[in-house]
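Reviewing the structure listed below.
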Protein chains: 2
Amino acid sequence: MRGNLFAVAVDLVVLTVRRAELCVLLVERGAPPYAGTTALPGGFVRPDEDLADTATRELAELTGAATGATGHLEQLASYAAPDRDPRGRVLSVGYLAMLPDMTDLPDLVRSPADPDAPTAAWRPVGPLLESPGELAFDHDRILADGVERARAKLEYSTLAASLCPPEFTVTDLRNVYEAVWCTTIDPRNFSRKVTSAEGFLEPTAALVTGGRGRPAQLFRRGTATALHPPMLRQR
Amino acid sequence: MRGNLFAVAVDLVVLTVRRAELCVLLVERGAPPYAGTTALPGGFVRPDEDLADTATRELAELTGAATGATGHLEQLASYAAPDRDPRGRVLSVGYLAMLPDMTDLPDLVRSPADPDAPTAAWRPVGPLLESPGELAFDHDRILADGVERARAKLEYSTLAASLCPPEFTVTDLRNVYEAVWCTTIDPRNFSRKVTSAEGFLEPTAALVTGGRGRPAQLFRRGTATALHPPMLRQR
DNA sequence: ACAAAAGTGTTGATCTTACACCCATGG
DNA sequence: CCATGGGTGTAAGATCAACACTTTTGT
């Protein structure tokens with residue numbers, strides 16, 4: 001009945017915006033196969049875990065639990081080509097995680113939970129998508145699927161706020177859209193649109209001062225998850 | 001490293017529109033667990049198969065290869081709760097298939113390839129979604145995810161034409177939208193919208209006669225896969 | 001004063017919706 | 001003739017893109 005067994009792994013596409021660029025968290029593989037090459041972080045599902053449990057655990061191990069508060073985690077797709085792993089039959093479930101901008105943190109992320117774990121590094125996605133081949137296994141495809149999902153979801157969901165810190169300005173939010181979509185957006189129309197979308201942004205009492213120009217209103221995430229009307233990217 | 005192994009199955013959510021209702025193809029389970037109850041059709045991935053291969057093969061076994069021509073098949077999500085199958089650890093990859101209306105065929109579908117296979121039957125999805133609990137395993141959730149995916153995709157893709165026969169009228173297409181969304185749509189505005197959407201419909205030379213009223217133009221599927229502007233359902 | 005950033009007003013183009021109206025067929 | 005369904009015209013409202021303009025800060 002079930003003589004054909006698989007190892008099941010969860011691989012993470014962890015995205016954030018750093019220095020106005022969409023970046024992904026990658027690790028250097030220490031063990032074969034593909035030792036010494038770059039790959040998406042991931043690991044095998046444990047006996048008592050559901051898939052989302054594995055994804056949550058691995059994300060916490062990587063970033064130190066900065067996750068649940070403001071971030072976002074969702075299942076992407078599964079990959080199981082017979083020859084995708086030289087060790088044998090391995091099915092990998094891709095998960096997409098989106099974390100707030102932590103540009104103040106270093107490019108290298110060392111796990112606080114497991115100092116022996118490989119060091120993770122933020123890398124801009126642009127070059128990785130344009131010239132694939134650097135990543136181990138079929139991780140180029142998983143990355144491409146994750147980025148495309150993220151780009152599509154910004155259009156009709158309030159997900160972009162997951163890439164912002166807990167309190168942010170309209171310009172912070174616009175910078176997320178511009179980095180993920182590689183476009184520029186008119187700041188004035190954007191501001192009107194997001195502030196008038198029901199449940200997207202909740203104004204706080206505070207203003208941001210210290211920069212040049214007029215101080216900006218600070219917002220928190222609203223309760224809405226869908227965005228009506230959607231934010232359309234130019235094609 | 002990989003002591004924790006899974007059986008991997010593909011379960012199909014096969015949708016079509018019959019008699020103005022969205023229907024799903026279900027089988028009666030002949031073997032334990034859940035023997036005698038209703039379930040989504042599915043089976044285990046073979047040693048040399050990728051996931052899409054398994055889904056394609058199972059769909060062909062069920063319906064007799066009427067699939068590839070006009071139908072649609074895409075991966076949905078994976079389900080792997082530790083206790084979802086009493087036999088042990090089984091990961092199931094859900095696939096969504098959408099087939100043309102075959103109301104002229106009987107409600108029971110007997111596989112031409114494998115006469116021993118359980119007989120499949122078309123069931124309206126409405127009651128199954130409103131009062132879940134009838135389906136085996138976690139198939140209620142897989143079905144709900146599949147229907148929701150189909151409903152969402154009609155908005156911004158040309159997928160609805162996959163639920164129509166190779167040649168169809170605008171009214172056939174509108175009946176698909178109305179059945180999947182459980183709404184009514186103004187026939188006049190709908191007609192203008194779909195016929196003016198670039199690449200959605202290609203007019204043929206023929207008209208449909210024989211019904212009451214003015215004969216309708218016959219169309220084939222166009223080459224476009226995305227739908228601009230999208231078809232919005234009322235909320 | 002000036003540059004820079006935040007935010008509002010306005011205008012023309014496009015899209016949506018509702019419905020009046022005409023067209024072509026079967027009975 | 002007339003009921004039925006297919007299809008076009010059109011006008012009111014919503015939405016969008018572009019940009020002039022005002023507000024409020026740092027230097």
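In the text below, chain A, chain B and the rest are named by the order of the sequence lines, each starting its count at 1.
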Taking distance alone, no hydrogens or angles, what donor-acceptor pairs closer than 3.5 Å link side-chain atoms of residues 193-213 of chain B to residues at least two apart or in another chain?
unit_1    : atom_1 : unit_2    : atom_2 : d
Lys193(B) : NZ     : Pro230(B) : O      : 2.9
Thr195(B) : OG1    : Ser191(B) : O      : 2.7
Thr195(B) : OG1    : Arg192(B) : O      : 3.3
Ser196(B) : OG     : Arg192(B) : O      : 2.8
Ser196(B) : OG     : Lys193(B) : O      : 3.3
Thr204(B) : OG1    : Ala206(B) : N      : 3.2
Thr204(B) : OG1    : Leu218(B) : O      : 3.0

Which atom of Pro132(A) lies closest to which atom of Leu129(A), heavy atoms considered: CD-O, 3.6 Å
Are Asp145(A) and Arg149(A) ion-paired here, with the side-chain N under 4.0 Å from a carboxylate O? no
Can we say Arg123(A) and Glu21(A) salt-bridge, meaning some charged N sits less than 4.0 Å from an Asp/Glu carboxylate O? no
Work out how much the helix from dA1(C)-dT27(D) to dG27(C)-dC1(D) bends between its end axes, five pairs an end, to the nearest 10 degrees. 10°
Does dG7(C) have OP1 or OP2 under 4.0 Å away from a side-chain N or O of Thr195(A)? no
Let me confirm one number: the CG-CE distance from Asn189(A) to Met231(A), rounded to the nearest 0.5 Å. 10.0 Å
OG1 of Thr56(A) to CG of Leu12(A): how many Å apart, nearest 0.5 Å? 9.0 Å
Thr158(A) and Thr225(A): side-chain donor and acceptor closer than 3.5 Å? no
Between Tyr177(A) and Phe190(A), does the ring centre distance come in under 6.0 Å? yes
Of the candidates dT16(C), dG7(C), dC16(D), the side chain of Gln217(A) sits closest to dG7(C)
Nearest of dC15(C), dC16(D), dA6(C) to any side-chain atom of Ala216(A)? dA6(C)
For nucleotides 18-25 of chain C, print each protein N/O atom paired with a nucleotide N/O atom at under 3.5 Å, atom names and distance only.
unit_1  : atom_1 : unit_2    : atom_2 : d
dA18(C) : N7     : Asn189(B) : ND2    : 2.8
dA18(C) : N6     : Asn189(B) : OD1    : 3.2
dA18(C) : N6     : Arg192(B) : NH2    : 3.4
dA24(C) : N3     : Arg214(B) : N      : 3.3

